[in-house]
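Read the structure below first, then the notes.
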2 protein chains.
Amino acid sequence: MAAPLLKLAATNDGDADGRFSPRTIPEQLAEELGADIVAGRRKAGERLIELDLAQNFGVSRGPVREALRILERRRMVDLLPRRGAYVRPLSLKSIADLFNVRLALSLLAARTMATSPVESYVETLARRCAELNEMVETGDPIAFARVTTRAVRTIAHGSDNELLLELSIDLANQTVWETIWKTPLDYLTLGVRREAADLMTETLEAIRRRDPETAVRSLRVLLENDRDRALAVLTDLRKEAGDLSAISSG
Amino acid sequence: MAAPLLKLAATNDGDADGRFSPRTIPEQLAEELGADIVAGRRKAGERLIELDLAQNFGVSRGPVREALRILERRRMVDLLPRRGAYVRPLSLKSIADLFNVRLALSLLAARTMATSPVESYVETLARRCAELNEMVETGDPIAFARVTTRAVRTIAHGSDNELLLELSIDLANQTVWETIWKTPLDYLTLGVRREAADLMTETLEAIRRRDPETAVRSLRVLLENDRDRALAVLTDLRKEAGDLSAISSG
DNA sequence: AATTTGTCAATTGTTGACAATTGACAAGAG
DNA sequence: CTCTTGTCAATTGTCAACAATTGACAAATT
């Protein structure tokens, strides 16, 4: 998925879960801290001291503690009992792992969708697909990437699998993705966009004719291409710049 | 509501295995509460009131709060801001979803293992496989099921994907499994065991000759069979008994 | 010199009190 | 009678103080 930006603040957007939860302080703290980690203002492996954070944010340690648990849940920090919280290192390898898990989940979703499709989601996917095809020529890589992400998310919804959806969102919300979002999308050339749009269309059609194997095969190629290109870009980035971000060599 | 008090002093001991777990109070609370939920002593949808829990366990609300966050992470409770914690309902559908997600992850693991195998895990898997073949005849369903689970876990390890492994363990640790574990395993007849052992062997051999497609196909059949049989048993159970457990009709 | 033991500051774990929010119920308005 | 509004108890959110543990460094021991 070359592109999933799903900013935390932007969860009201699109076909997101209709329920809106009141922003609690711990959640806001988690968001702030998470952003800091993403931006490299907190380095990988760095220890996070509760009192410092509390003073920085102008709250007491209680909410900070809860925020740290939230970040642990999002796999952004390691929480060692009695030993404190540490910014979780984010190696290229672990980013690849993340891609692969998301890929597996997406493929399961596609398979389910092609086996017992829910009409409304198929329609939504068709719309995204149409958008995608239109955007092949217009040439805005960012918009194209965003729609691709949405299409994949639609497929996750279409799985009719609550857990799968939850996990997908969880993983998508992770640090990594915002980091990846900042990478140049130059690799989304016209040819690449053409191919991606074709593959997504093929997936859609396979779903429509209830052909799981084809649906899975097409989507797999699409997502694997995307994964490989994104990883290549990230690898290059790491070579060029000194490793200031949360992405370590690992 | 009548939960036994924790024995605080006895918990800091090392484990007999040499690996000692730094059992914090919140973790213990989470474990207790989780067990209560599994056993149906806390019904699905029931509200969990912090003060009650704190008094029952003989601690203050702070640790209880953290325990609730832990259980949220394990998907055992829903945590609604300002509205309290609720025991998460566990429908048959959600159990099926869980099976499917685990299945998808296992298949990814098998694929990876067959693409770039790590010798040590292949060996371990071979041992499990041998065990399995021996146990076809001996006829202890529980032991057979356990070894099957281990074999699948070995494959998860063999994926060389930290995230996948973590998720697998997470999901495996869930309520559901302990519940499922209690179901009668009569369906593991000799024929079924024979088939399962064969499929696992086929998977192993495919991994050895680096044939991902076959490995995935075999394991898929194995796991799908298992899923369907387990779900059938659970469905029957629900029909027979009044729904006292955490498993709701959903 | 290397290892063990003792001490101490820094930090995390826990607590009880206080503030803020919610949901329910009753009183009043339309 | 139905709908709004006000009040109140129950419950969660937050805080600041206190207790317990850790890691580091120094002193003592072998």
Side-chain angles (χ1 to χ4, degrees), chain A residues 8 18-34 36-37 42-43 45-73 76-88, chain B residues 1 3-15 19-34 36-37 42-43 45-73 76-88:
Chain A
L8 288 171
R19 64 184 181 199
F20 40 106
S21 44
R23 224 111 232 280
T24 65
I25 289 181
E27 269 177 74
Q28 287 177 291
L29 295 180
E31 187 177 336
E32 284 264 348
L33 247 182
D36 283 351
I37 293 173
R42 305 283 187 177
K43 288 176 194 162
E46 177 182 340
R47 182 168 181 185
L48 300 172
I49 292 166
E50 295 177 0
L51 190 57
D52 290 348
L53 296 174
Q55 288 171 343
N56 259 326
F57 288 119
V59 296
S60 79
R61 281 174 50 224
V64 170
R65 256 155 170 281
E66 309 215 357
L68 289 175
R69 288 246 183 237
I70 292 175
L71 289 175
E72 184 201 25
R73 182 186 141 92
M76 287 169 135
V77 307
D78 284 325
L79 228 49
L80 309 184
R82 295 239 168 239
R83 294 188 179 184
Y86 295 82
V87 175
R88 194 161 188 173
Chain B
M1 292 267 272
L5 269 140
L6 292 177
K7 303 132 199 168
L8 298 174
T11 53
N12 277 342
D13 283 337
D15 216 39
R19 186 193 74 156
F20 91 86
S21 43
R23 280 272 167 90
T24 64
I25 290 180
E27 271 177 75
Q28 286 177 284
L29 295 180
E31 190 174 331
E32 284 267 346
L33 247 182
D36 284 350
I37 292 173
R42 304 285 187 175
K43 286 174 196 161
E46 176 183 341
R47 182 167 182 186
L48 301 171
I49 291 166
E50 296 178 359
L51 190 58
D52 288 349
L53 296 174
Q55 288 172 343
N56 276 329
F57 287 120
V59 296
S60 79
R61 279 175 51 226
V64 170
R65 253 155 173 280
E66 310 215 359
L68 289 175
R69 287 243 182 241
I70 291 174
L71 289 175
E72 185 201 23
R73 183 185 142 90
M76 287 168 137
V77 307
D78 284 326
L79 228 48
L80 308 185
R82 294 240 167 238
R83 295 187 178 185
Y86 295 82
V87 175
R88 194 161 191 174

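A, B, ... follow the sequence lines: proteins, then strands. Residue 1 opens every chain.
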In chain order, what residues pass the side-chain contact (heavy atoms from CB on, under 4.5 Å) check against [X], with sequence neighbours excluded?
X       : value
A/Asp36 : A/Arg41, A/Arg42
B/Arg47 : B/Ile49, B/Tyr86
B/Ala30 : B/Ala67, B/Ile70, B/Leu71, B/Arg74

Original post:
What residues, two or more places apart in sequence or in another chain, satisfy side chain to side chain donor-acceptor pair (under 3.5 Å) together with B/Glu31?
Top reply: B/Arg23
**OP:** Do nucleotides 10-15 of chain C as a string where each nucleotide becomes B, S or -: B if the base has a protein heavy atom under 4.0 Å, S if just the sugar-phosphate does, - if no protein is that close.
**Re:** -SBBBB
**OP:** Apply salt bridge (charged side-chain N to carboxylate O under 4.0 Å, His left out) to A/Asp78 and list each qualifying residue two or more places apart in sequence or on a separate chain.
**Re:** A/Arg88
